[in-house]
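Side chains included, hydrogens not; waters and symmetry mates left out as well; all remaining heavy atoms used.
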Amino acid sequence: VLKKLNINEKIVAPKYCQSRINSIKAQALTQAQIQNNKFLFNKETTPKFSPDFPAKKIVSQMNWDDVILPQQTKDEIDHIRTWLIHNNSLMEDNNLRRKLKPGYRALFYGPPGTGKTLTVSLLGKEFGKDVYRIDLSQVVSKYIGETEKNLEKVFSKAQHKDWILFFDEADALFGKRTNVSNAHDRFANQEVSYLLQRVEDFPGLLILASNFKSNLDKAFTRRFHAMVHFPMPAVTERLLIWQKSLPQNIPLANDVNIAALAQQYELSGAAILNIVHYAALKAMKLNTGCINNDDLLTGIRREYWKDEKTI
């Protein structure tokens, strides 16, 4: 079918067939581009973010020492590491190879700023794998069949690569199906069914991130190998994050008590880093030579305002 299909030819077909036709055309176009790159450059070029490839490569300068997580979360991440290390050997077993589906699917869930994206980046960094975050603003479409077509562009390119695919804020794509009351509901549910099939067929590591586990369709949650909770850090974890976030070249003023700040204010790791960033810039602007407590409290207040909270 792919060889005979004219990509530029407009095919007249019933609406229920159109999404499948669009997916086949997108797959054919992607394979043609890959073959063209191989022929011209004798290598596969790294795809760039565009409407034809709505995913961005993400990297991090941080290391695992910079990530402060509770032990249960660390244990679940370690299980993903185990799969990355041993899966190829495991699939050589004649019995398991027939019964296990390819790939590994994980859900990272928890409040914003708790380390979900950073953890995905570090998994890629540790194992030398490219991590691509799918840009859902470029994927989700109100037009019937377009969402599947846009997703097919990513899955087709990633199918035989050693990539990690990351769907951030996955609720927009993997949300709960609705009762069918009109044509729109029927096609929305078809999108979810398409995703279920594509997610199961992907042979690599696929990670979804969401603020709330309950937002996702149960059909997806049953297919996850791991569901990793990233909670708000506890007091001891907040203290470590404060300590690891402080600049090396700007000391704290004598009136700053980091332990007290960690005890009193419930903040995510990302929020703490934002506060330190704010206070350090204020110290440099005023040429005080140190980070003072008032600027840290102002930074905390600014982070609380984001969530419409007060201190």
J.: Does the S121 side chain pair with the main chain of T117, one donor and one acceptor, at a distance under 3.5 Å?
T.: yes
J.: Tell me, please, whether Y304 has K309 positioned over its six-membered ring: NZ or CZ under 6.0 Å from the ring centre and within 45 degrees of its axis?
T.: yes
J.: Is it the case that the side chain of T119 and the backbone of G115 share a donor-acceptor pair, with hydrogens and angles ignored and the cut-off at 3.5 Å?
T.: yes
J.: For Y278, does its backbone N or O pair with a side-chain atom of R302 as donor and acceptor, under 3.5 Å?
T.: no
J.: Can you spot which of R222, K101, R105 makes a salt bridge (Lys or Arg N to Asp or Glu O under 4.0 Å) with E200?
T.: K101
J.: Check whether W163 forms a cation-pi arrangement with R133 (NZ or CZ under 6.0 Å from the six-membered ring centre, at most 45° off the ring normal).
T.: no
J.: Is the side chain of S156 donor-acceptor paired with the backbone N or O of K153 at a distance under 3.5 Å, no angle test?
T.: no
J.: For E146 and N150, test the side chains for any donor-to-acceptor distance below 3.5 angstrom and give the result as yes or no.
T.: no
J.: Testing F212, F230, F167 for ring-ring contact (aromatic ring centres under 6.0 Å, His included) with F108, which one passes?
T.: F230
J.: Pairing donors with acceptors under 3.5 angstrom, does anything connect the side chains of D201 and Q197?
T.: yes
J.: Do you know the tightest heavy-atom contact between L246 and W242?
T.: CG-O, 3.2 Å
J.: Tell me whether Q61 at atom CD has more than 12 heavy atoms from other residues, nucleotides or ligands lying less than 6.0 Å away.
T.: no
J.: Counting only heavy atoms from other residues, nucleotides and ligands, does the tally under 6.0 Å from CG of D307 exceed 12?
T.: yes
J.: Just verifying a value: how many Å separate I275 CD1 and R301 CZ, rounded to the nearest 0.5 Å?
T.: 11.0 Å
J.: Looking just at side-chain N and O atoms, do Q264 and R238 make a donor-acceptor pair shorter than 3.5 Å?
T.: no
J.: Give a yes or no on whether the backbone of K125 and the side-chain of K129 come within a donor-acceptor separation of less than 3.5 Å.
T.: no
J.: For the residue pair K282 and N292, confirm or rule out a side-chain donor-acceptor distance under 3.5 Å.
T.: no
J.: Tell me whether K116 contacts the main-chain N or O of G110 through its side chain, where contact means a donor paired with an acceptor under 3.5 Å.
T.: yes
J.: Go through it in stages, so that I can follow the logic: the residues are E152 and K149, the test is salt bridge (Lys or Arg N to Asp or Glu O under 4.0 Å), and I'd like the CA-CA distance, side-chain angles, deciding distance and then a yes or no.
T.: CA-CA 5 Å; E152 188 63 36; K149 180 181 176 181; over 6 Å; no
J.: Testing the basics here: between F166 and A209, what is the closest heavy-atom pair and its distance to 0.1 Å?
T.: CE1-CB, 3.6 Å
J.: So which heavy atom on S268 is nearest to which on G113, and how close?
T.: CB-O, 3.5 Å
J.: Any donor-acceptor pair under 3.5 Å linking the side chain of D66 with the backbone of N63?
T.: yes
J.: With a cut-off of 6.0 Å (strictly less than), are more than 12 heavy atoms of other residues, nucleotides or ligands near NE2 of H225?
T.: yes
